[in-house]
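One structure is given below, encoded as structure tokens.
Read the numbers this way: they start at 1 and go in the same order the structure lists the ligands and their atoms.
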Amino acid sequence: MTQPINVFSEIGKLKTVLLHRPGKELENLMPDYLDDLLFDDIPYLPQAQKEHDAFADLLRKKGVEVVYLEDLAAEAISEPDVRSSFIKDYLEEANIKGTGLTRMIQAKLDAIRTNRELIDVTMAGIPKSDLEELKSKSLTDMIESDYPFAIDPMPNLYFTRDPFATLGTGVSINKMYSVTRRRETLYAKYIFTYHPRFKDSNIPMLYDRHDSTRIEGGDELVLSKDLLALGMSQRTDVASIEKLAKNIFEQKIGFKRLLAFDIGSKRKFMHLDTVFTMLDYDKFSIHPEIEGDLTVYSISETVDGKIEIIKECDSLEAILNKYLEIDTVKLIRCGGNDPMAAAREQWNDGSNTLAIAPGEVIVYDRNPVTNKALEEAGVTLNYIAGSELVRGRGGPRCMSMPLVREDI
Ligand SMILES: NC(=[NH2+])NCCC[C@H](N)C(=O)O
């Protein structure tokens with residue numbers, strides 16, 4: 001039987017992928033809170049859904065099984081006691097002001113008939129205006145301020161790449177950088193523990209969502225069955241990479257080395273996959289700003305089970321040649337040779353490609369300069385529109401979490 005999780009590369013033929021169709025959580029974005037919610041603008045939901053459906057259809061057309069986070073989460077809580085414990089965890093983490101309000105919301109959630117509807121409500125968040133009871137005078141003391149939400153929405157859920165990452169046969173359930181994304185990992189906890197697809201497989205857990213240091217899936221790349229690339233970024237702390245390495249070696253997942261790339265701490269480069277993705281055995285898309293010398297930490301295990309860390313300063317090209325044991329990797333620049341196009345198209349996720357097979361990727365159609373450079377390098381491109389989706393600052397890789405890839 002194939003493992004429910006099998007991801008030993010970034011490029012092996014994609015067999016099963018996890019998406020989230022953008023939902024009502026995007027309609028709960030408000031201009032005053034965009035920064036906290038990590039959005040730059042408010043997508044128009046029907047159009048965002050249309051674009052997302054086209055992305056899913058393309059994947060299906062390419063023979064990929066598409067599963068949705070919201071369906072798996074609903075199926076995972078099908079036992080009444082699991083559903084109750086999910087609601088309890090959700091409420092505990094929801095940062096609700098006032099116990100009266102918590103009780104009121106709990107009653108509302110308990111009364112929702114189908115689990116799928118329940119999951120949708122938890123994702124969308126709960127505006128105070130949806131709580132009829134709050135309108136009665138006796139409850140005014142529960143309304144702390146003009147803040148519009150009793151529970152915040154989770155608008156970043158369609159970036160399924162980040163709250164957890166599949167690595168080999170295991171999964172790292174991540175401690176997210178921002179408050180707004182921390183609750184997203186609750187769905188992963190329930191899915192990997194209780195969903196029939198996973199529950200009997202004893203999935204190796206490689207990171208703990210309650211850990212003190214942060215890590216996100218956009219910084220976790222599987223370069224080969226032996227090698228992982230990690231970003232030390234705005235989102236991922238170096239300490240987390242060390243912990244992940246320890247867990248990977250202890251649980252004998254199979255990877256022999258982790259390369260941690262220091263990409264600095266800027267929003268435009270929030271994750272390693274915003275400046276660097278794998279296209280083929282020897283081809284990568286990169287943002288020109290990471291072409292110079294980089295500081296990289298190579299983390300491996302010694303024969304007596306200790307962690308060894310070596311610091312190197314070299315170009316990305318030299319590091320990849322050395323550790324992938326390739327004569328010359330080909331780095332394809334986002335924006336080609338035009339610095340202005342590079343900046344603009346990186347902002348619109350031109351380097352954030354999703355490989356569906358070696359040398360075949362999905363890209364946004366809105367980055368023509370980068371796409372031309374990729375085509376000229378012999379990469380096969382499949383286009384999707386992303387006018388609305390891109391407003392959350394993420395591309396095809398960010399919007400997908402592979403569960404199964406064919407080994408290469
Ligand atoms: N893997 C990625 N690059 N994900 C992009 C996530 C974008 C999202 N708005 C955030 O700031 O978290």
Using a 4.0 Å cut-off to any heavy atom of [X], which atoms of ligand 1 qualify?
X      : result
Thr274 : 3 (N)
Gly218 : 1 (N)
Asp273 : 1 (N), 2 (C), 3 (N)
Arg181 : 6 (C), 8 (C), 10 (C), 12 (O)
Phe159 : 6 (C), 7 (C), 8 (C), 9 (N)
Gly392 : 7 (C), 8 (C), 9 (N)
Cys398 : 1 (N), 2 (C), 3 (N), 4 (N), 5 (C)

Query raised in the report: Relative to atom 8 (C) of ligand 1, which among Asn156, Asp40, Val275 owns the nearest non-hydrogen atom?
Result: Asn156
Report task. Have a look at Arg235, Arg397, Arg391, His271 and point out the one with the heavy atom closest to atom 10 (C) of ligand 1. Result ->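 Selected option, by shortest heavy-atom distance: Arg235.
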Aromatic ring proximity, centroids under 6.0 angstrom, [Y] and [X]:
X      : Y      : result
Phe164 : Phe192 : yes
Phe269 : His287 : yes
Phe39  : Tyr33  : no

Query raised in the report: Quick one: nearest non-hydrogen protein atom to atom 4 (N) of ligand 1, plus distance?
Result: Asp162 OD2, 2.8 Å
Report task. For atom 5 (C) of ligand 1, find the nearest protein heavy atom and state the residue, atom name and distance (0.1 Å precision). Result ->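 Closest protein heavy atom to atom 5 (C) of ligand 1: Arg393 O, 3.3 Å.
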Would you call [X] and [Y] a salt bridge, taking side-chain N to carboxylate O under 4.0 Å as the test?
X      : Y      : result
Arg161 : Asp273 : no
Asp53  : Lys50  : no
Asp152 : Arg183 : no
Arg116 : Asp120 : yes

Query raised in the report: Between Asn352 and ligand 1, is there a nitrogen or oxygen pair with a distance under 3.5 Å?
Result: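 It does not: no N or O of Asn352 is found under 3.5 Å from an N or O of ligand 1.
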Query - Test of proximity, Leu38 against ligand 1: N or O pairs below 3.5 Å - result: yes
Report task. List the steps, then state whether side chain to side chain donor-acceptor pair (under 3.5 Å) holds for Asn337 with Arg333. Result -> CA-CA 7 Å; Asn337 293 324; Arg333 290 191 183 138; 2.6 Å; yes
Query raised in the report: Any idea how His52 and Tyr158 line up, ring-wise: parallel (<30°), tilted (30 to 60°), or perpendicular (>60°)?
Result: perpendicular
